[in-house]
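To keep things clear, I will list the structure first and then write my remarks on it.
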Amino acid sequence: MALSKLPLSTIFFLLYTSLFTISQALSSKIAGAQIKDQQDNEPFVGINIGVDVPNLMSATELVSLLQFQKVTHIRLYDADPDMLKALAKTKIRVIISVPNNQLLAIGSSNATAASWIGKNVVAYYPQTVITAIAVGDEVLTTVPSSAPLLVPAIESLYSALVAANLHNQIKISTPHSASIILDPFPPSQAFFNQSWSSVMQPLLQFLSKTGSPLMMNLYPYYVFMQNKGVVPLENSLFKPLTPSKEMVDPNTLLHYTNVLDAMVDAAYYSMKNFNFTDVVVLVTESGWPSKGDSKEPYATIDNADTYNSNMIKHVLDQSGTPLHPEITSSVYLYELFNEDLRSPPVSEANWGLFYANATPVYLLHVSGSGTFLANDTTNQTYCIVMDGVDSKTLQAALDWACGPGQANCSEIQPGENCYQPNNVKNHASYAFDSYYQKEGRAAGSCDFKGVAMITTTDPSKCFMLFFALNNHRMCGYCLDEQCGLVQIQSIYTREKGMLLIQIVYVQSFIKCLRVMEAVYFLEAMPYRSSNFGCSKKITNKTRTVVNTTTPSNAAGGSRLISIRSSRISAMDKALQAFLTIIFSILLHIPFVAS
């Protein structure tokens, strides 16, 4: 049919459809190019997410944690559909993995490989930004019987990516253990274990052809532990060194100030021995354990904090390595959570930055080095008792904190401001935090043999406060997010027709003197008790808040007070009655103050 005989509306529809299709295709290509450019040009620090964790949070909660921590790159050890869905439209870039137990099927069948790509990549990309596929994990050293299938599996998956036109956006490689490299120092003498030449040669050829990285799991911790007395701890932890302590490669005279750079360059020299110089190294795992058994004395919070913090700074400084100062390898930190279900030794379960409940094991010191894990809130952290610790253990830790630890425990003595609530958990939290603050919030100062933990949430921050006023004394309790009941004490007076309220925290676990503002004064239920167990002392660190013209009934009147962050002017009777009803309802439902 001639175009001139088509209805005008049909012509417009066809033009619109064509332009929309073209624009969508262009947008997809541009987005892919932007992702590729950012990947190729900017070194980054990502994080591995293992799941040998009891009561692991949901995928949605996990992604929220990643976003809060400003994590931009992650590596999964599988292709969990819940995680891939939760990552959609977050711009978090993810490496997904083919588990070792799936290599046989994928390496033996192109159809299986195509199905895997369709199910785990095409179904989510580009809404979920999948940047690479890790095929297996340390296959050559952990499941050597599968080694002959490794390259065939990679090539089959790549063919499926080509068929889906995603081969330019998504790279394919396989992570290796550092042990495949023999004689790693000096780096210039390093070479791949020749027993794996039949695998490494075609693998490197594939990586070179497709522009994919050589994935390496590199742990200076193990290098140090296996070479104590030869490799200094300072070199392993990226600590500043005098020139005399720097490692020098006698063949190249290159100076190495840290072990990780030496391990990366050992990989480059090993590839050079196979005549490959255009493949970059991607460090898919690196980290330091925060706890170990008696045979692992260097697995400490101090060393873990130092290594990971300095490693992040080193990568984001983009200083490269002595061999390749122009190339900075990106690194995936191992790992997000402590994997408590891991088998011994103890260190295996203690590589994480966070416990399973998202409480930090320790806080990295990375301020000023980009945005990754940017909640470096070491000036806003507190030390409190962990849940589930028995009273006897807590009492021993409390005795140490107030004794040899020289924490200031005067406020938790009988009759003092923070004595109530009188139980060992409350007193221990106060003492632990006193010690933690005294030590300058140093890594390791909030442990107390594993019964304390660091929190970034101020436990004295309340959701809702309800007070009863009686005569010239007011007492009440705060339902608090972390520390249960926090007692409040204040006094009030009438002056010029206004009610002046002085409010101060006197029994917060973390900050005993915590000033809050009283904002709303509303008629509430009759006063029922004459004694809420208030402390006898009232601190001078109070704050006067004037918020109502309603006179008090000192003899028996009661008031409901809700803590908010902003003041309001005097309310007329109708508004006051309305809010009274609303707050009466809120007594029976959870409420979070903004």
Side-chain angles (χ1 to χ4, degrees), residues 45-54 56 69 71 74-75 77 137-138 141-142 175-179 216-239 258-260 262-263 283-315 331-366 372-373 378 386 442-454:
V45 178
I47 195 159
N48 289 276
I49 302 177
V51 295
D52 285 337
V53 178
L56 181 66
Q69 295 291 339
V71 174
I74 63 172
R75 175 185 170 215
Y77 289 91
D137 187 34
E138 300 187 353
T141 50
T142 58
H176 296 287
S177 164
S179 62
M216 296 294 302
N217 297 340
L218 304 178
Y219 289 94
Y221 170 75
Y222 289 126
V223 173
F224 169 74
M225 290 296 291
Q226 294 163 8
N227 298 275
K228 282 183 290 186
V230 177
V231 177
L233 181 62
E234 292 83 357
N235 297 62
S236 303
L237 296 176
F238 291 91
K239 286 188 174 181
N258 66 83
V259 173
L260 185 62
M263 297 178 80
V283 181
T284 38
E285 289 180 14
S286 191
W288 198 284
S290 61
K291 187 177 181 180
D293 56 31
S294 59
K295 296 180 180 179
E296 302 170 299
Y298 297 95
T300 66
I301 284 179
D302 278 328
N303 288 341
D305 182 10
T306 300
Y307 177 81
N308 286 325
S309 297
N310 288 341
M311 183 270 288
I312 292 169
K313 293 176 184 177
H314 183 66
V315 172
V331 178
Y332 285 82
L333 192 152
Y334 187 82
E335 60 183 323
L336 186 64
F337 296 117
N338 275 352
E339 294 191 83
D340 296 334
L341 301 180
R342 288 262 179 177
S343 302
V346 172
S347 62
E348 277 297 299
N350 289 278
W351 291 83
L353 298 181
F354 295 90
Y355 297 106
N357 63 359
T359 302
V361 178
Y362 55 91
L363 291 170
L364 296 172
H365 296 72
V366 293
F372 175 72
L373 289 165
T378 47
M386 295 183 72
S445 61
C446 180
D447 182 62
F448 299 95
K449 295 187 176 180
V451 303
M453 68 181 186
I454 295 171

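Values below: every heavy atom of this structure, side chains too, minus hydrogens, waters and symmetry copies.
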Inset, instruction - Applying ring pair (Phe, Tyr, Trp, His ring centres under 6.0 Å), name anything that partners Y332, two or more places apart in sequence or on another chain. - result: F44
Legend entry - Pairwise distance CG(N258) to CD(E234) - rounded to 0.5 angstrom: 13.0 Å
Legend entry - Test item: E339 side-chain N/O and V51 main-chain N/O as donor-acceptor pair under 3.5 Å: yes
Legend entry - Verdict with reasoning, W288 to F238, per ring-ring contact (aromatic ring centres under 6.0 Å, His included): CA-CA 12 Å; W288 198 284; F238 291 91; 9.7 Å; no
Legend entry - Interatomic distance, L333 atom CG to N48 atom CG [nearest 0.5 angstrom]: 8.0 Å
Legend entry - Distance-minimising heavy-atom pair for L218 and L260: CB-CD1, 3.9 Å
Inset, instruction - Just grab all the salt bridge (Lys or Arg N to Asp or Glu O under 4.0 Å) pairs involving residues 290-300, residues at least two apart or on different chains. - result: none
Inset, instruction - Over all heavy atoms of both residues, which pair between A304 and P289 is shortest? Give the atoms and the distance, please. - result: CB-O, 3.8 Å
Inset, instruction - Taking the side chain as every heavy atom from C-beta outward, state whether V231 and S236 have any atom pair closer than 4.5 Å. - result: yes
Legend entry - Validation row: D137, T284 side chains within 4.5 angstrom (heavy atoms): no
Inset, instruction - Report the relative orientation of the aromatic rings in Y334 and Y219; use parallel for angles under 30°, tilted for 30 to 60°, perpendicular for over 60°. - result: perpendicular
Legend entry - Close side-chain approach of V283 and V315, heavy atoms under 4.5 Å: no
Inset, instruction - Check whether any side-chain heavy atom of F337 lies under 4.5 Å from a side-chain heavy atom of L56, and answer yes or no. - result: yes
Legend entry - Rounded distance (nearest 0.5 Å) linking atom CG of L336 with atom CD1 of I74: 9.0 Å
Inset, instruction - Side-chain contact test, heavy atoms from C-beta onward, threshold under 4.5 Å: evaluate it for P175 versus R75 and give yes or no. - result: yes
Legend entry - Aromatic ring proximity, centroids under 6.0 angstrom, Y298 and F224: yes
Inset, instruction - Could you tell me whether a side-chain N or O of N227 sits under 3.5 Å from a main-chain N or O of V223, the two making a donor and an acceptor? - result: yes
Legend entry - Flag for T300-D302: side-chain donor and acceptor within less than 3.5 Å: no
Inset, instruction - Determine whether D52 and Y77 make a side-chain contact, defined as any pair of heavy atoms from C-beta on separated by less than 4.5 Å. - result: no
Legend entry - Contacts of type salt bridge (Lys or Arg N to Asp or Glu O under 4.0 Å), residue E348, not counting sequence neighbours: R342
Inset, instruction - To the nearest 0.5 Å, tell me how far N350 CG sits from N338 CG. - result: 4.5 Å
Inset, instruction - Kindly indicate whether the side chain of L341, heavy atoms from C-beta on, has any atom under 4.5 Å from the side chain of V53. - result: no
Inset, instruction - Please tell me if the side chains of N217 and S177 come closer than 4.5 Å, counting only heavy atoms from C-beta onward. - result: no
Inset, instruction - With rounding to the nearest 0.5 Å, note down the distance linking CG in L364 to OG in S309. - result: 4.0 Å
Inset, instruction - Using only heavy-atom distances, determine whether the side chains of N308 and Y362 contain a donor-acceptor pair under 3.5 Å. - result: yes
Legend entry - Pair N310, T306: side-chain N/O donor-acceptor within cut-off below 3.5 Å: no
Inset, instruction - For Y307 and S286, work out which heavy atoms get closest and say how close. - result: OH-OG, 2.5 Å
